[in-house]
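For reference, the structure discussed in these notes is given below.
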Amino acid sequence: MTDEHAETPIDDPLVAARIEKYRAGAERGGYPYRFDRTDLAAELHERYADLEPGAETGVEATVAGRLMNVRDMGRLAFGVLQDVSGRIQLFVSKAVLGDEGFADFLHLDSGDWIGATGEVIATRKGELSVRVSSVTLLAKALRPLPDKWHGLKDVEARSRRRYVDLMVNEDSRAVALTRARVISELRRQFEDRGFIEVETPVLLSQATGATARPFTTHHNALDIDLSMRIATELFLKRLVVGGIERVFEIGRIFRNEGVDSTHNPEFTMLEAYQAFADYTDIMDLIEAVFSAVAVAATGSAALTYQGRLLDLTPPFRRARLIDLVAEAVGEDVSMDTPIEQLRALASRRGVAVDASWGSGRVLFEMYEELVEDGLWDPTFVTDYPKEVSPLARAHRDDPELTERFELVIAGSEYANAFSELNDPFDQRKRFEAQAAARAAGDDEAHPVDEDYLRALEYGLPPTGGLGIGVDRLVMLVTDRKHIREVILFPTMRPEQ
RNA sequence: GGGCCGCUAGCUCAACCAGGCAGAGCACUCGGCUCUUAACCGAGGUGUUGUGGGUUCGAUUCCCACGCGGCCCA
């Protein structure tokens, strides 16, 4: 065949036959550049829900979509047309279309994009249909659809060829649409509260604001190495310094780390900062936002996740991290517990501790190892040790702790928030402690951000801030247990 | 990074354990059928068995390496 189609697998007889039809169509006048549709499938189903079997409406409709299936009865055929809203049956009869028109319809292949016009009717069996009087082939599908019953199941193929997954697996379409609803609702929740949406840089000379390894790249014209952001935190707080008192960003974050059921190297985070608020205000805010998102996505704040009831109706449980650890180990612990005693307790419970860690880090690790997995109902885990919270403000009642919380649902973290550290002197000390950890070999410790310190020196008002993992939130409301199911094109090694 | 598992027709899967002509359903082609809903009935061809090597008279099957993916662990 010609070089023009060298990349298509014309050795495959299924494809070769379709290419022939494609060329015949091209020679017969080509394919349209646009098409006027009057109705979506779902709109017709809604409007004519009560049509009696055999009823004729006298109303003409023009629909368009992908032809998914044809059932040929001889002088009558039924087609299934799928558009973005759903499916509608095409009632195709030789009596209406004539011999040639009917033959042309049967000449179509499943997968083709078509437009069809005709009267809206209900068949004798009661199926709402368009009784087709004219058909237009809008675009030819050269490749066959997967099995009409089993669809495309292979996880790798579904991820790599999401377009095929979307056309044949209704679940995948539903997740994609729900994700859009979640993000839309998140945006609405924050906008309605007066938050201003901004965009901050992805390319940075130094990635800060979280404990993570960045991707690095190079800017040729400037001849400088750049990192991709691992958080938006410090830029958003600079904007609060600048006077944007309520600010948020929904943006892609990049972390150069492994891929597993809850981690993709690029993922979506929402961060928001509210001047004059503390972390208890942020808890109230998160409760309202999470329940609203659940309702927007599923119709109810009470969900089923992985077969188990999960109620996101406020208020959520609030529990101090230290109290949860004490409960788990069966004895009182606090920041005053001697470090040797904490280490002994940790190792007795199988929690590995590093000699360089202080009490705060040991308690934090014990929480992560012994407590977090077991928290099913939404829980604000509060008052994290200062040692593991370099950007959170010291707790007003205990200088060894911070006013920080994480929201844990079904054993995983969904949000991280604090009363923001706004004291430039304290912030510098925290950065220096991080720098020391970095020097000691912790390459995920935060670097010192001098410009951020300079911003704090102009004055950050008392501020509450939060970060929400959007992908995980979508997983929660769509009942998916793998992040790749909620990311349309998850990160994968190249094929071949 | 480690362990285990998978990769066979366009899709969903057999055959592999114990080596002997690579199969089924859907899709596709042809024929039949004016009310189907995964339509049905009859007939027909599906192929670099992920890639490369080894053992063997003979490899989808056994062995090795590699690639891609999955699950679990770190």
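Small disclaimer: the values here were computed from a predicted structure and weren't measured. Below, chain A is the first sequence line, B the second, and so on; all start at residue 1. Side chains are part of it too, since the values below use all heavy atoms of this structure and drop only hydrogens, waters and symmetry mates.
Between A:E27 and A:R23, none of the side-chain N atoms (NZ, or NE/NH1/NH2) sits under 4.0 Å from a carboxylate O, so this pair counts as no salt bridge.
Using the six-membered ring where Trp is involved, A:Y305 and A:W376 have ring planes that are tilted, between 30° and 60° apart. Taking the six-membered ring where the residue is Trp, A:F380 and A:F405 present perpendicular rings, their angle passing 60° and hence far from 30°.
Of the candidate nucleotides B:C11, B:A38, B:A27, B:C11 has the atom nearest to the side chain of A:L152. Considering only side-chain atoms of A:Q89, the nucleotide from B:U34, B:U37, B:C71 that sits closest is B:U37. The listed nucleotides are B:A38, B:C68, B:C13; the one nearest the side chain of A:R160 is B:C68. Of the candidates B:C33, B:C28, B:A38, the closest approach to any side-chain atom of A:S110 belongs to B:C28. Ranking B:A27, B:G69, B:C35 by closeness to the A:M73 side chain, first place goes to B:C35. Between B:C26, B:G70, B:U34, one nucleotide has an atom nearer to the side chain of A:A95 than all others, and that is B:U34. Considering only the side chain of A:E127, B:U37 comes nearest among B:U12, B:C11, B:U37. Set against B:U29, B:G70, B:A27, the side chain of A:K21 has B:U29 as its closest nucleotide. When the nucleotides B:G69, B:G70, B:U29 are ranked by their closest atom to the side chain of A:M492, B:G69 comes out on top.
Each of A:D260 and A:D109 has a nearest nucleotide on RNA chain B; the 5'-most of these lies closest to A:D109. With RNA chain B read from its 5' end, the first of the two nearest nucleotides for A:R75 and A:G151 is the one closest to A:G151.
A:A157 comes within contact range of no nucleotide atom at all, as no heavy-atom separation falls under 4.0 Å.
In this structure, CG of A:D154 is placed 19 Å from P of B:C5, rounded to the nearest angstrom. Between the NE2 atom of A:H263 and the C1' atom of B:A74 there is a distance of 14 Å, rounded to whole Å.
Residue A:R143 has no polar side-chain atom (N or O) positioned under 4.0 Å from OP1 or OP2 of B:C11. An OP1 or OP2 oxygen of B:C68 is reached within less than 4.0 angstrom by a side-chain nitrogen or oxygen of A:R493.
Among residue pairs with one or both ends in residues 483-496 of chain A, those qualifying as salt bridge (Lys or Arg N to Asp or Glu O under 4.0 Å) are A:R158-A:E485; sequence neighbours excluded.
Interface remark: the A:D147 side chain does form a donor-acceptor pair with the B:G25 base, using a distance-only criterion of under 3.5 Å.
With sequence neighbours excluded, no residue satisfies side chain to side chain donor-acceptor pair (under 3.5 Å) with A:Y48.
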